[in-house]
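Reviewing the structure listed below.
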Amino acid sequence: MTHLRLISPLVAITHLTILIASTLITPAASSSQPHNCFQPSKLPHANHIFNAVHSAMRQWGSSVNHNGMSIFHATIPEHVQLYHGDSRAEPVRGMQWMAFEPEHAELFVKRENMGSFAGKIARDGNATMEEVEFFQEEVRYGNSSERLKERMGGWLHDYRTTRALRVLYLDGMSAANSKKGTVDLQDIVLLNQESENSIISDMDRAARMCKLFQTRAHGNIDGVIRMEGGFEAILCHSEDVLEPIRIKQSKPPAGDPPGLNANADSAFEYYRAVASRYFGVGGGRVIVDFESMVSGYAYLAEGPDHSKMRRIRDILPYAGTNLREAAMKLLLQEPQEMEHHDWQGVADMIVSRYATPLGLLAGLTDPLSFRKGLEAVTEPFYSLQNSQVDVAVAVERCAMQDIPTRYDDVLAANAIIAVSAAICQNLVHASAEDNDTVSMEIIQALVAYLNWPSWRFCKGCQPEEICWTPIWPLGGLHDKLNPRCIGEAPNPLEMSYWR
Ligand SMILES: *[C@@H]1O[C@H](CO)[C@@H](O)[C@H](O)[C@H]1NC(C)=O
Ligand SMILES: *[C@@H]1O[C@H](CO)[C@@H](O)[C@H](O)[C@H]1NC(C)=O
Ligand SMILES: *[C@@H]1O[C@H](CO)[C@@H](O)[C@H](O)[C@H]1NC(C)=O
């Protein structure tokens with residue numbers, strides 16, 4: 001294996017243009033061979049793909065970047081507990097919604113007339129096409145004390161998976177039935193819904209996805225994982241893969257049913273449960289196959305735009321066919337026997353190494369403290385070198401230090417390596433730049449490019465508070481711009497962000 005020649009990062013950049021890995025010289029790489037040396041590919045939007053990998057199955061990053069653009073194969077292992085709220089006590093059948101947290105399922109326990117988490121889905125799994133916007137209904141009821149009296153004690157179902165379930169994970173806030181782009185991937189890519197303006201009911205969407213899995217994936221896919229306030233699984237044949245553990249009646253205590261529309265205290269309990277999964281659904285309950293990743297970003301033309309929240313609908317004119325083909329190919333893919341790298345774990349190493357120092361450096365205006373901080377970050381990879389002159393080798397070592405030494409040429413790997421290289425190149429470039437202003441601008445541009453969701457997380461919340469950013473259907477634009485600590489449930493009437 002020979003080292004690749006790199007353009008010296010010191011000559012390739014004009015200030016404010018951050019160097020990304022695509023500017024490196026890369027030889028034509030065989031895409032089927034695993035490789036052991038530094039080969040960042042030309043990969044536009046590597047920053048977004050990196051963030052999608054890093055935020056997968058994590059409530060915070062998936063709320064901040066709520067327009068899911070990517071699909072993954074994922075496994076829910078055997079013996080995982082899943083919850084379901086229902087007005088009835090009989091075990092579920094057919095297509096059903098399952099929550100990963102009981103507090104989430106409790107939202108759907110309550111009213112006889114609203115029924116279950118899955119709403120009016122027939123008990124035998126026959127899906128009706130009825131339009132039922134559950135959450136919005138819930139919220140509308142929240143303001144009416146009379147309606148609250150209609151509530152009945154319902155049933156909280158607790159199931160376990162009886163075998164490993166093979167599902168598709170649709171990232172972002174893909175259970176949010178909003179018009180902002182959260183369901184584009186499902187409606188436009190998977191379901192090939194032509195009209196952009198017709199919102200499909202969630203019932204219809206789920207039924208059509210299950211039908212797609214039956215016809216295109218020969219029933220090898222058991223359902224999908226999505227997220228709203230909490231992660232959920234839509235299982236196409238619930239009775240085949242679940243076994244009840246307990247089904248208990250959930251009496252609304254003294255007109256105090258839990259959920260969004262309950263009194264403030266019990267609503268906050270729900271949000272606290274949501275916030276407890278900000279950094280991962282946890283417990284090994286979902287294993288994402290990062291090497292299977294199909295992402296809309298990979299079909300997006302290269303462009304300077306690093307910040308705007310993209311949506312699938314906007315990229316369709318030029319990416320639609322290829323993206324849909326890739327998604328359909330994913331449906332057909334057999335479970336892979338080979339060992340797949342946990343690329344999220346690799347992304348974690350990079351974020352945990354650089355998030356704090358880069359975040360601090362980007363905020364510094366005093367040249368002395370800036371230089372001192374920059375030196376502290378770059379010192380380790382210079383010190384690995386015999387000579388300060390060999391900058392290219394220093395960058396390569398820095399970029400590859402968290403990367404497995406053998407990996408396959410997959411999207412997640414390429415994005416992570418490209419981002420890692422961009423960080424290292426720009427750190428080296430900034431430290432070699434004599435002009436302090438220019439050096440600071442390089443770091444600020446790097447931080448803007450990376451746009452890690454952890455930098456948007458609230459600072460200094462009290463133990464009884466949670467950090468709040470809009471989670472459908474609630475939240476205002478001000479919450480989006482400035483996530484804040486809240487010690488009580490968000491205002492159930494503030495939904496302006498999602499309109
Ligand atoms: C479910 O669908 C089947 C076939 O269309 C029908 O025979 C059956 O009556 C339906 N069940 C319910 C409860 O609607
Ligand atoms: C909620 O209740 C308040 C007080 O009863 C009322 O003024 C307001 O119009 C209601 N809002 C909605 C959206 O129903
Ligand atoms: C540093 O760069 C800034 C921005 O390009 C420029 O305005 C300034 O004159 C430079 N300072 C020195 C000392 O060259």
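Predicted model only: the values in this text are computed from it and were never measured.
Without hydrogens or angle criteria, Thr182 side chain to Ala176 main chain gives a donor-acceptor distance under 3.5 Å. No donor-acceptor pair under 3.5 Å is formed between the side chain of Gln96 and the backbone N or O of Ile234. Between the side chain of Asn47 and the main chain of Val419, no donor-acceptor pair closer than 3.5 Å is present. The backbone N or O of Gln344 sits less than 3.5 Å from a side-chain atom of Asp342, completing a donor-acceptor pair. Between the side chain of Thr161 and the backbone N or O of His79, at least one donor-acceptor pair lies under 3.5 Å. Remark: the backbone N or O of Leu165 is not paired with any side-chain donor or acceptor of Asp222 at under 3.5 angstrom.
A salt bridge links Arg208 with Asp204: at least one charged nitrogen is closer than 4.0 Å to a carboxylate oxygen. Between Asp240 and Arg93 there is no salt bridge, since none of the side-chain N atoms of the basic residue sits less than 4.0 Å from a carboxylate O of the acidic one. Ion pairing between Arg160 and Glu243 holds under the 4.0 Å rule for side-chain N and carboxylate O. Asp202 and Arg226 are joined by a salt bridge, as a carboxylate oxygen and a charged side-chain nitrogen come within less than 4.0 angstrom of each other.
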message: Go through it in stages, so that I can follow the logic: the residues are Phe50 and His48, the test is ring-ring contact (aromatic ring centres under 6.0 Å, His included), and I'd like the CA-CA distance, side-chain angles, deciding distance and then a yes or no.
response: CA-CA 5 Å; Phe50 179 99; His48 293 292; over 10 Å; no
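Remark: Leu360 engages Thr356 in a side-chain contact (heavy atoms from CB on, under 4.5 Å) (not counting sequence neighbours). Glu101 meets the side-chain hydrogen bond (donor to acceptor under 3.5 Å, both in side chains) test with Arg277, Arg285; sequence neighbours excluded. In this structure Arg216 satisfies the side-chain hydrogen bond (donor to acceptor under 3.5 Å, both in side chains) test with no other residue, sequence neighbours excluded. In this structure Ser63 satisfies the side-chain contact (heavy atoms from CB on, under 4.5 Å) test together with Gln59, Met173, Met227, Thr469, Ile471, sequence neighbours excluded. Listed by chain and residue number, nothing satisfies the side-chain contact (heavy atoms from CB on, under 4.5 Å) test with Asn482 (two or more places apart in sequence, or in another chain).
Pairing of Cys467 with Cys461 by a disulfide is not supported, the SG atoms lying 2.5 Å or further apart. SG distance check for Cys485 and Cys458: not under 2.5 Å.
Side-chain contact between Leu323 and Val294: present, with at least one pair of heavy atoms (C-beta onward) separated by less than 4.5 Å. Looking only at side-chain heavy atoms (C-beta outward), Val346 and Pro404 come within less than 4.5 Å of each other.
For Tyr271 and Trp468, the distance between ring centers is under 6.0 angstrom. A ring-centre distance under 6.0 Å is not found for Phe290 and Trp343.
Within the structure, salt bridge (charged side-chain N to carboxylate O under 4.0 Å, His left out) pairs that include any residue of residues 419-431 do not occur (at least two apart or interchain).
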